[in-house]
Amino acid sequence: MSKKTEPIPGTSDFFPEETIQWQYLEGKAHSVFSRYSIGEIRTPVFERTDVFLRSIGDQTDIVQKEMYTFKDRGDRSLTLRPEGTAGVLRAIANKGLSQGDEQRVYYIGPMFRGERPSAGRKRQFHQIGVEYVGKVSPEIDAECIILLLDYLESIGLTDTKLLINTRGISGDRERISGTMSDYYKPHIDTMCEDCRRRYDTNIWRILDCKNEGCKTITQNAPSMIDLISETSRIYFDSVCEILKYTGIQYQIDPQLVRGLDYYVHTVFEVVSNNIGAQDAIAGGGRYEILNPGQKHPLIGVGFAMGVERLLLAKNANKSDLGKGICVDIYIVSLGRPALQKNFDLASSLRKQGFRVLMDLENRGMKAQMRTANKVNAKITLIRGQSELDDGIILLKNMNDSSQIKVQFDEITAALKPFFNRS
RNA sequence: GUGAUUGUAGCUCAGUUGGUUAGAGCGCCUGGUUGUGGCCCAGGAGGCCGCGGGUUCGAAUCCCGUCAUUCACCCCA
């Protein structure tokens, strides 16, 4: 509401109620991906600008109008990463990868795109992504997709749709572009402004134009499946077959081409209903990326998921996730001497693994009890001057209000029945 | 970038055809006899009515600008 404290448009602050959900998603990523023997990579959030220009493609929308690019003090052009793949591939190229060797990694972190924010789209957003780099086979593509669905299932997201398509091997691309160009040439004057631009810059993207007029023209366009070469078709069929064999539901979407230049062969997307217009919660495909100064492109397959969108989709499904921070024990102290002694008690309980909160303001009993109730403590321990004198402590069960006196040095045993943990 | 939407208390929102000290619910704090939570009751704190200009005797209310929110387009995760 106020002005100066708001974060920059398109960025957000995340408080514990939310970050607990993020930690859940990240924890699942660590455990699921490790079962596929995939380790985490962490690369810088900014790179030399040409890292993105070359790989994503300098005619793509991302590069043309969405990148946060700036000059550093050495007058180098740097860019906040708009996606994860380019930086990961740069890192792998830099480290070196023997021919025929493979490197599998996943990454988690913020990405930056200067778009107008709306539901499911921020300027700083967060992705969890996976890359299988160095090898090519339909089986690898298939495992990558299986992994993606495995992860989504592990976080309880099953109400989704998998769309796949192929863009053909890189050798096909020029021929496909040519055929498409021939097809659209007589129609191009009647199509929308964006498509006229795409015709020259990135003809593939005409395919998923939402404009009604353009859609009808596209409907009769030669289908990708018919345009690709025999090799590409066999490759794509193999991917589909494995998915079918594994019992994975998918839908071939001939319109799916995706907006980054580096994709070849298999491309896929997972969409969810009920989260607004930005319905893609994950997307990816096979790619070839030539890094600056390298002779040969690196090949790989991978995907990225939008963390904010995963959360949107999850919460739309009303599946419960994360219960917030809980308190096991609240310590009520009466009087400064007791308060001081209770510091010891608190740290000893915390060392035993209890989640402990205590009053630090020397307030009245009523106020402390109110707080104990508010934070939903299971047990309240009460110790004031008289308990100090008697060497005891009061243990109150907040559920049924029952209260017992416990010898102070037997407190651990007394707590045991209330916390059935191994 | 284009279009629309909204901006009043910590939160969710009322605020009548412009008219006196700007309201409610929730939340917060303090009480309701000695050191015991939730329910109830009483009291209290807390607002440059997004910001800046204009019209008017008078503006939260009307006009202009600006910033921000939310949503859609474009595109993508």
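For clarity, every value in this text was computed on a predicted model and none was experimentally measured. Scope of the values below: all heavy atoms of this structure, side chains included, with no hydrogens, waters or symmetry mates. Residue numbers start from 1 in every chain, and the chains themselves are labelled A, B, ... in the order their sequence lines are given, proteins ahead of strands.
Within the nucleic acid shown, A:Ala282 comes within 4.0 Å of sugar-phosphate atoms alone, with no base atom in reach, counting heavy atoms only. A:Pro82 comes within 4.0 angstrom of nothing in the nucleic acid, heavy atoms only. A:Gly276 comes within contact range of the sugar-phosphate backbone alone, with a heavy-atom separation under 4.0 Å but no base atom that close. Base engagement by A:Leu334 is indicated by at least one non-hydrogen atom pair under 4.0 Å involving a base atom. Within 4.0 Å (heavy atoms only), A:Lys396 reaches at least one base atom of the nucleic acid. A:Ile382 comes within 4.0 angstrom of a nucleotide base, judged by non-hydrogen atoms across all strands. A:Ser386 comes within contact range of at least one nucleobase, with a heavy-atom separation under 4.0 Å. Contact annotation for A:Gln278: base contact, defined as any heavy-atom pair under 4.0 Å involving a base atom. Across all strands, A:Glu387 comes closer than 4.0 Å to base atoms (heavy-atom distances). Counting any heavy atom pair closer than 4.0 Å across all strands shown, A:Leu394 reaches a base atom.
Counting distance only, with no hydrogens placed and no angle test, the side-chain atoms of A:Lys366 and the base atoms of B:G32 include a donor-acceptor pair under 3.5 Å. Between the side chain of A:Gln403 and the base of B:U36, a donor-acceptor pair under 3.5 Å is found.
Remark: A:Lys378 NZ is packed, more than 12 non-hydrogen atoms of other residues, nucleotides or ligands lying under 6.0 Å away.
In summary, A:Lys185 and A:Asp182 do not engage in a salt bridge, as defined by a charged side-chain N under 4.0 Å from a carboxylate O. Residues A:Arg123 and A:Glu115 are not paired through a salt bridge, judged by the lack of any N-O separation under 4.0 Å between the basic side chain and the carboxylate.
Between A:Ser118 and B:A72, a side-chain N or O to OP1/OP2 separation shorter than 4.0 Å is present. An OP1 or OP2 oxygen of B:U70 is reached within less than 4.0 angstrom by a side-chain nitrogen or oxygen of A:Lys122.
Within the 4.5 Å cutoff, side-chain heavy atoms of A:Leu334 are placed close to those of A:Ile382.
In this structure, the CD atom of A:Glu115 is 13 Å from the P atom of B:A72, given to the nearest Å.
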